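Structure first, commentary second.
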Amino acid sequence: MSFPHRHLLGIEALRPEEIASVLDLADRYAALNRQPDKHGHALAGLTQINMFFENSTRTQASFEIAGKRLGADVMNMAMQASSVKKGETLIDTALTLNAMHPDLLVVRHPQSGAVDLLAQKVNCAVLNAGDGRHEHPTQALLDALTIRRAKGRLHRLSIAICGDIAHSRVARSNILLLGKMENRLRLIGPPTLLPSGIAEFGVEVFENMAEGLKDVDVVMMLRLQKERMDGGFIPSEREYYHRFGLDAEKLSHAKPDAIVMHPGPMNRGVEIDGTLADDINRSVIQDQVEMGVAVRMAAMDLLAQNLKLTRAEPA
Amino acid sequence: MSKLTFLNARLVDPEKDEIVIGGLVAEDGRITRHLPKDAPRLTSGRVIDCGMKYLAPGLVDLGVKVCEPGERHKESYRSAGLAAAAGGVTTMITRPDTDPAIDSPETLEFVARRASEATPVNVLPMTALTKGRQGREMTEIGFLMDAGAVAFTDCDRVITDTKVFSRALTYAAGLGALVVAHPQEPGLSKGAAATSGKFASLRGLPAVSPMAERMGLDRDIALVEMTGARYHADQITCARALPALARAKANGLDLTAGTSIHHLTLNALDVADYRTFFKLKPPLRDEQDRLAVAEAVKSGLIDVISSMHTPQDEESKRLPFEEAASGAVALETLLPAAMRLYHADLIPLPTLWRAMSFNPAKRLGLACGRLSVGAPADLVLFDPDAPFLMDRSTLRSKSQNTPFDGARMQGKVLSTFVGGTCVYERN
């Protein structure tokens with residue numbers, strides 16, 4: 001098993017076989033998580049701090065459960081309410097925490113690159129739980145695991161990513177990961193929500209759901225990130241739903257066995273039809289949540305192994 | 001009566017666009033005579049054997065920020081002056097984007113006094129075009145000119161109210177004052193930290209299209225045509241703005257343009273993993289833009305290369321990229337960075353000196369920036385080939401936010417003279 005990284009800051013730095021390593025281990029943890037006794041010991045004695053500078057319930061809970069199942073001492077810090085408000089800089093916060101000798105830092109931050117900056121200043125392993133519009137690597141890994149389990153493979157699939165791609169770190173990490181694993185990617189969304197330089201991404205771009213979804217294996221919907229909107233990207237929610245919201249009619253253009261994914265939290269009736277989201281024959285949204293815990297266990301396990309190796313080396 | 005003789009030099013003459021081997025005599029601070037190649041060694045005064053190194057007019061840097069008043073911990077007149085001398089910059093044209101802004105004769109008087117007390121090189125101040133750089137009311141342009149302001153600029157703040165800007169241009173035109181502006185469409189560029197494209201998208205940074213610069217320039221050109229003002233665009237950094245600039249010049253408008261040394265030597269990819277020392281305003285562009293702008297300097301379409309020296313302390317740079325302050329120090333790295341353009345065969349030496357010395361001096365009506373008899377003996381002796389590894393801790397600026405830290409560079413200043421007095425000598 002090879003995963004020669006100190007941190008998990010993004011998908012960009014990972015090689016295909018390293019991605020496969022994480023997913024293989026996560027598969028084993030997914031099995032463990034379905035046992036009555038879910039305890040592992042990979043992180044026993046280690047301290048995991050979850051620093052969330054931006055609101056999150058799901059991702060934070062997922063990381064917390066993952067750490068606890070592997071025996072880590074887990075602490076959650078709600079950074080929004082803390083020293084940041086008192087004017088402390090990110091680097092000072094990092095140095096303060098570093099002095100408490102954590103082993104794993106899980107960080108979410110509203111600014112792109114902030115987690116990279118923090119990782120430069122600490123002696124522990126850092127996991128990026130989402131930085132601005134940049135990356136959200138564990139989300140892409142859990143999506144990949146979900147696809148691999150549903151489709152039996154993670155290559156040569158036709159995958160559509162739909163919605164607010166410009167503001168989405170989930171989309172960036174997924175484009176990188178699925179591209180590395182040699183899948184065919186299609187991005188679908190209104191041009192105002194597509195990032196600049198899109199022609200150089202090696203993807204196909206569509207502004208029409210029916211065309212874009214034609215014969216795809218996987219449909220990934222993105223949350224319409226209202227809180228990121230400066231205003232005026234789309235005329236209205238109802239027009240957006242009409243043109244880009246996923247419903248049974250639009251999905252009928254995809255392959256009959258195409259799966260539907262969403263990173264959550266969903267805006268039912270904005271980007272996805274509620275009935276469709278609940279359709280257990282098509283929607284794998286609950287599997288994504290389940291795989292999230294497994295992938296985070298795997299990622300923290302691998303980083304902790306590397307951490308122990310580096311610390312075992314003489315200084 | 002002081003006398004200074006330079007022998008065995010390669011004289012870089014931007015005015016005549018040539019490099020000749022010979023010497024110079026300076027008396028009482030002015031160039032008084034040119035010497036042929038094998039001139040006999042004179043005995044009177046100080047004689048400097050240049051050892052076939054290059055002797056050129058000192059650099060005239062249009063757009064230096066010294067952080068007095070307000071943020072002296074970032075850069076003082078003394079530290080900026082030492083940095084300038086060590087960088088071969090003999091005249092600093094300073095910016096008024098201080099805190100408070102230099103927008104009144106009283107502030108200007110304070111600044112001028114500080115500059116003359118503390119600085120070994122010439123300092124000529126620009127002052128704000130509108131009060132507090134707020135873009136609402138014009139400053140006392142007449143009084144400020146009387147007090148020594150050489151140009152008027154709100155620096156990187158665009159005056160969005162075109163009525164205010166057109167009146168300020170009209171009033172300045174009446175006095176023959178030069179207005180320096182930052183061509184940028186402020187709505188499009190609001191909040192941007194990078195130039196739009198694949199790199200900015202992958203990094204998840206808010207970005208602006210280079211088209212915003214073209215739009216800003218187009219607007220300004222129309223206002224210059226309307227008002228007849230003397231206008232200089234501080235930084236043209238992208239290919240898309242160049243045809244508009246060429247048309248405006250062909251139409252005979254009194255308009256010149258500059259660019260920054262960083263936009264000529266770096267590109268957007270240099271930001272790499274959110275390196276905030278590479279965060280500039282406007283942001284670094286892609287490689288095609290860089291090459292197009294270098295070509296425009298070579299052809300003379302872009303008149304001036306500036307350092308856009310902008311000191312920032314560690315605290316304002318050690319932040320997530322979007323929050324970090326923009327700008328880089330460059331007084332000491334202007335010349336070695338420019339040598340990259342020379343060694344890459346993009347711009348020849350006399351043309352570089354035209355852009356870094358002769359043209360800015362000419363635009364501001366200064367006698368320096370040339371080697372002709374009668375010009376001030378503001379000179380730099382340099383070796384364009386000498387290699388070194390840039391170490392930012394050696395910089396004389398109080399702030400050391402250079403993007404060239406750790407870079408391999410070529411081109412060392414050997415000595416700098418202002419008015420015939422040596423203000424820097426490499427030991």
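What's counted below: heavy atoms across the whole structure, side chains too, no hydrogens, waters or symmetry copies. All figures in this text were calculated on a predicted structure; none of them were measured in a lab.
Contact annotation for residues 312-327 of chain B against chain A (heavy-atom separation below 4.5 Å, listed by residue number): B/Arg318, B/Leu319, B/Pro320, B/Phe321, B/Glu322, B/Glu323. Proximity to chain A among residues 191-222 of chain B is limited to B/Ser196, B/Gly197, B/Lys198, B/Ser201, B/Leu202, B/Arg203, B/Gly204, B/Leu205, B/Pro206, judged by heavy-atom separations below 4.5 angstrom.
Neither the backbone nor the side chain of A/Glu135 comes within less than 4.5 Å of any heavy atom in chain B. Neither the backbone nor the side chain of A/Leu118 comes within contact range of chain B, judged by heavy atoms closer than 4.5 Å.
Taking CG of B/Asp273 as the start and CG of A/Leu9 as the end, the distance is 9.0 Å to the nearest 0.5 Å.
Residue A/Glu182 places its CD atom among 12 or fewer non-hydrogen atoms of other residues, nucleotides or ligands, all under 6.0 Å distant. Other residues, nucleotides and ligands contribute more than 12 heavy atoms inside 6.0 Å of the CZ atom of A/Arg58.
Partners of A/Arg108 according to the salt bridge (charged side-chain N to carboxylate O under 4.0 Å, His left out) rule, which considers only residues two or more places apart in sequence or in another chain, do not exist here. Residues forming a salt bridge (charged side-chain N to carboxylate O under 4.0 Å, His left out) with A/Arg15 (at least two apart in sequence, or on another chain): A/Glu17, A/Glu18.
Between chain B and the residues A/Leu90, A/Ile91, A/Asp116, the largest count of heavy-atom pairs under 4.5 Å involves A/Ile91.
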